[in-house]
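Throughout, protein chains are lettered first and strands after them, A, B, ... in sequence-line order, and every chain is numbered starting at 1. These numbers were taken from a predicted model, which means no experiment stands behind them.
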There are 2 protein chains.
Amino acid sequence: MDVHARRIPDATVARLPEYLRILVELAGQRIDTVSSERLAELAGVNAAKVRKDLSYLGTYGTRGVGYDVDYLLFQMRQALGVTQDWPVVVVGAGNLGRALANYAGFSDRGFPLAAVVDADEAKVGTAVGDVTVRPMSDLAEVVKAHQPVIGVIATPGAVAQLVADQLVAAGVTAILNFAPALVSVPQNISLRKVDLALELQILSFYQSHRDPGTTTRGWP
Amino acid sequence: MDVHARRIPDATVARLPEYLRILVELAGQRIDTVSSERLAELAGVNAAKVRKDLSYLGTYGTRGVGYDVDYLLFQMRQALGVTQDWPVVVVGAGNLGRALANYAGFSDRGFPLAAVVDADEAKVGTAVGDVTVRPMSDLAEVVKAHQPVIGVIATPGAVAQLVADQLVAAGVTAILNFAPALVSVPQNISLRKVDLALELQILSFYQSHRDPGTTTRGWP
DNA sequence: CAGAGCTTGTGCACAAAGTCACAAGGCCGG
DNA sequence: CCGGCCTTGTGACTTTGTGCACAAGCTCTG
Ligand SMILES: NC(=O)c1ccc[n+]([C@@H]2O[C@H](COP(=O)([O-])OP(=O)(O)OC[C@H]3O[C@@H](n4cnc5c(N)ncnc54)[C@H](O)[C@@H]3O)[C@@H](O)[C@H]2O)c1
Ligand SMILES: NC(=O)c1ccc[n+]([C@@H]2O[C@H](COP(=O)([O-])OP(=O)(O)OC[C@H]3O[C@@H](n4cnc5c(N)ncnc54)[C@H](O)[C@@H]3O)[C@@H](O)[C@H]2O)c1
C-alpha cells in the first residue's frame, strides 16, 4: 500500500466532501453501486472530473460496473480524515455562534460541539443548544480535553485576529473564520474563511454583468 | 469609454469584494492613497495579482503613487454592481435564517433585509430582527416590490430545490443556498452555495494530511 | 527641466485545473 | 470460453490562474 500516493490537488479536496455527502445519501437509499456518470449528475459536475478525483484516492472502481458505494464511502472517509469525530469549539455566542451551536447537522456529520465560549461576562452561563456558554479562560482546558479540535470564530471582525491567536495558543490546529477580516496563523495551522457578505457581492457582480439579452423565460 | 472591457476572470471576481471591504476600511481611516503592495498585504495575496485584478476594472492607478482610495472604491462598487442596494429575502426562519435576519453586517454592506418567509404556519407572524416572518404566499409580492432581489435559502436540504423553484418563479434572479443539497436553476439565474459542514471537512482533510514533522512552534 | 525614485501595468513563462477521448479491463449472455 | 457491452482510469490537450520581472510613466527635488 502506497502511503504517499499522489498529492491530492486542492480543487479535488474541495469536492470530496460533496461526494461524501452524496455517497451517504445513496447508502441511505440502499444503493450499493454508483457510476461516475450518476455521481457527476448528483454533484453537478463533469463525469470525467469525478473519475479523476476518485482516482487520486486509489483504484476503487470496477470497469463496466462503477463504484461500490460502501467501500468508496469508507475510503473517502479515510482520505478526508473523518473516521473519527472532530469536536468544534465556537468562539462568540452572538447571532451566528448560537445558530451554529444549535445546528444538528454538524454533529451528524462528525463535528460535535465541544463548547461555546465568549468574552462577554453577561453571556457566560447562558444556555445555547445543549451547552452552556463558558468564559474564554476555559478555552485551553476545553481544547486539551477534546484534542484535536476545530476552532470556529464567530466574533466581530475587529477581534478575529486576537481570537485566532488565543485559539492557536490553546492548541487548536484548524480554524474556520466567519468574521470579515484577514487573520494570519502559523503555517501548520489550517485556516479557512467564510464571508457571507462577500458571497452576496459576487452574486451582485454576476447579476450586473449578466447578458441583458437573456430573460427568465426558458429553462436550459 | 469601452463598455465591453475585457471579461473579468472568475478568480478575480471572487477577490474583488475582499478588496472592496479593505478599501472601505481604509477610507474610514481617512487614508486616501494605497499601493498595490499595501493592498496585497491587507488582503493576504500577491501584489502583482492585486495590480492585475485592478487592471481589469480599468487604468485607475497612478505610477509612482498608487491608487486613490475613493476613486477606486467608486469604480469597484460600479464593477461589482453594488452602487444600489440589493434587498435580500431569506427563506426559512430557523436557526440560520434568524441569525442572518439579525445580522447588521448585510444592511451595512448594501444588502438590506426585504423579508423573511417560512412555510411553517407556527413561525409566520413571529418577529425576527426588525421584521415579522411572512408566509410563502407573500414571496412573489415581496419580490415584485423590491426587485432586483437576492434569495437566500435557509431551509432543510430536502426542500431546497422546491424553494429555489419558488424563488425563481417569484422573479428572483440570484440565489445564495445554505442547504447542503444540489439545486439547479435556469442558466440566467446566478447561484452560489455555502456549505459549512463541507468547510469543516476540508479542514479535517488538511489536518489529517499535514506534514507530521511540523509542530505548533515557530511562526512563519 | 533633468534625473532619481517609486509604483503601475503587462508580456511571458509556468502551474493548476478542467475536458476529451479512448484503451484497458471487468462482466455477462450465448 | 468467446465476444459484445459497459465503465473506469488516464494520457494529451485546452483553458484558466499565478507570479516574475521590467519598461512605462508619474512625482518631486534640486
Ligand atoms: N449573524 C450572521 O448571520 C452573520 C453572517 C455573516 C457573518 N457574520 C459574522 O460573524 C461574526 C459574528 O456575527 P454575529 O451576528 O454573531 O455578531 P454578534 O455581535 O451577535 O456576536 C458576537 C459575539 O462575540 C463575542 N465577542 C466579542 N469579542 C470577543 C472576544 N474578544 N472573545 C470572544 N468573544 C467575543 C460577543 O460577546 C458576542 O457574543 C461577525 O464577524 C459577523 O460579521 C455573521
Ligand atoms: N444552523 C446553522 O448554523 C447551519 C449551519 C450550516 C448549514 N445550515 C443549513 O441551513 C439550513 C437551515 O438550517 P437551520 O438550522 O436554520 O434549520 P431549521 O430547521 O432551524 O430551520 C429550517 C426552517 O425552514 C423552514 N422550512 C421548512 N420547509 C420549508 C419550505 N418548504 N419552505 C419554506 N420554509 C421551509 C422551517 O419551517 C424552518 O423554520 C439547513 O439546510 C442546514 O443544513 C445551518
Side-chain angles (χ1 to χ4, degrees), chain A residues 1-2 5-19 22-23 26 31-73 75-76 79 202 205-206 209, chain B residues 2 5-19 22-23 26 31-73 75-76 79 202 205-206 209 220:
Chain A
M1 138 179 176
D2 51 337
R6 326 167 238 201
R7 210 183 89 47
I8 303 181
D10 290 348
T12 294
V13 172
R15 282 187 295 269
L16 293 183
E18 186 66 31
Y19 300 144
I22 293 165
L23 288 171
L26 292 174
I31 292 167
D32 44 47
T33 285
V34 66
S35 69
S36 61
E37 196 78 42
R38 179 85 181 108
L39 204 43
E41 187 191 327
L42 293 170
V45 298
N46 181 299
K49 189 150 51 176
V50 170
R51 290 199 293 277
K52 194 158 268 189
D53 284 344
L54 297 183
S55 76
Y56 288 112
L57 305 182
T59 304
Y60 300 136
T62 308
R63 291 162 191 232
V65 178
Y67 300 87
D68 181 276
V69 173
D70 285 333
Y71 186 56
L72 189 54
L73 205 42
Q75 293 296 346
M76 187 155 308
I202 294 174
F205 173 89
Y206 285 110
H209 292 238
Chain B
D2 52 337
R6 325 167 240 201
R7 200 180 132 314
I8 303 181
D10 290 348
T12 294
V13 172
R15 282 187 294 269
L16 292 182
E18 185 66 31
Y19 300 144
I22 292 166
L23 288 171
L26 292 174
I31 292 167
D32 44 46
T33 286
V34 66
S35 69
S36 60
E37 196 79 41
R38 178 86 182 108
L39 203 44
E41 188 191 328
L42 294 171
V45 299
N46 180 297
K49 190 149 51 176
V50 170
R51 290 198 294 276
K52 195 159 272 186
D53 284 345
L54 297 184
S55 76
Y56 287 112
L57 306 182
T59 304
Y60 301 137
T62 309
R63 293 166 192 229
V65 178
Y67 300 87
D68 181 276
V69 172
D70 285 334
Y71 186 56
L72 189 54
L73 205 43
Q75 293 296 345
M76 187 156 307
I202 294 174
F205 173 89
Y206 285 110
H209 292 238

Per-nucleotide protein contact along nucleotides 22-28 of chain C, 5' to 3', at a 4.0 Å heavy-atom cut-off (B base, S sugar-phosphate only, - neither), is --BBSS-
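Distance alone, capped at 3.5 Å, is enough to place a donor-acceptor pair between the B/H209 side chain and the A/A79 backbone.
With distances taken from any side-chain atom of B/P9 to the nucleotides D/dG17, D/dT8, C/dA17, the minimum falls on D/dG17. Here the side chain of B/S36 is nearest to one of C/dG9, C/dT8, D/dC20, namely C/dT8. With distances taken from any side-chain atom of A/S35 to the nucleotides D/dG19, D/dT7, D/dT18, the minimum falls on D/dT7. The side chain of B/K49 sits closest to D/dG19 out of D/dG17, D/dG9, D/dG19.
Using a 4.0 Å heavy-atom distance criterion, B/T12 is classed as making no nucleic acid contact. Within 4.0 Å of A/R38, counting heavy atoms only, lies no atom of the nucleic acid at all. Heavy atoms of B/A11 sit under 4.0 angstrom from primed sugar atoms or phosphate atoms, though from no base atom.
One interatomic measurement links the two molecules: OH of A/Y67 to P of D/dC6, which rounds to 18 Å at whole-angstrom precision. Note: CG (B/D10) to P (D/dT15) measures 15 Å, nearest angstrom. Atom P of nucleotide C/dG9 and atom CD of B/E37 are separated by 14 Å, given to the nearest angstrom. For the pair A/D68 CG and D/dT8 P, the computed distance is 13 Å after rounding to whole Å. What separates CZ of A/R7 from P of C/dA15 is a distance of 14 Å, to the nearest Å. Across the protein-nucleic acid pair, A/D53 atom CG and D/dT7 atom P stand 19 Å apart, rounded to whole Å. In this structure, the CG atom of A/L16 is 13 Å from the P atom of C/dA17, given to the nearest Å. Taking atom OH of B/Y56 as the reference point, atom C1' of D/dT18 lies 10 Å away to the nearest angstrom.
The pair B/R15-B/E18 does not meet the salt-bridge criterion, since no charged nitrogen lies less than 4.0 angstrom from a carboxylate oxygen.
Between B/I202 and A/P17, some side-chain heavy-atom pair lies under the 4.5 Å cut-off. B/Y206 has its side chain within reach of A/V13: a pair of non-hydrogen atoms, C-beta onward, lies under 4.5 Å apart. Side chains of B/L26 and B/L73 form no contact here, defined as non-hydrogen atoms less than 4.5 Å apart. Contact check for A/T12 versus A/K52: no side-chain heavy atoms found under the 4.5 Å cut-off.
Taking only distance into account, the side chain of A/K52 meets the base of C/dT19 through a donor-acceptor pair shorter than 3.5 Å.
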Ignoring hydrogens and angles, write down the donor-acceptor pairs under 3.5 Å from the side chains of residues 61-70 of chain B, residues two or more places apart or on other chains.
from  : atom 1 : to    : atom 2 : distance (Å)
B/D68 : OD1    : B/D70 : N      : 3.2
B/D68 : OD1    : B/Y71 : N      : 2.9

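Nucleotides of DNA chain C nearest to A/N46 and B/G58 differ in position, and the one nearer the 5' end is that of B/G58.
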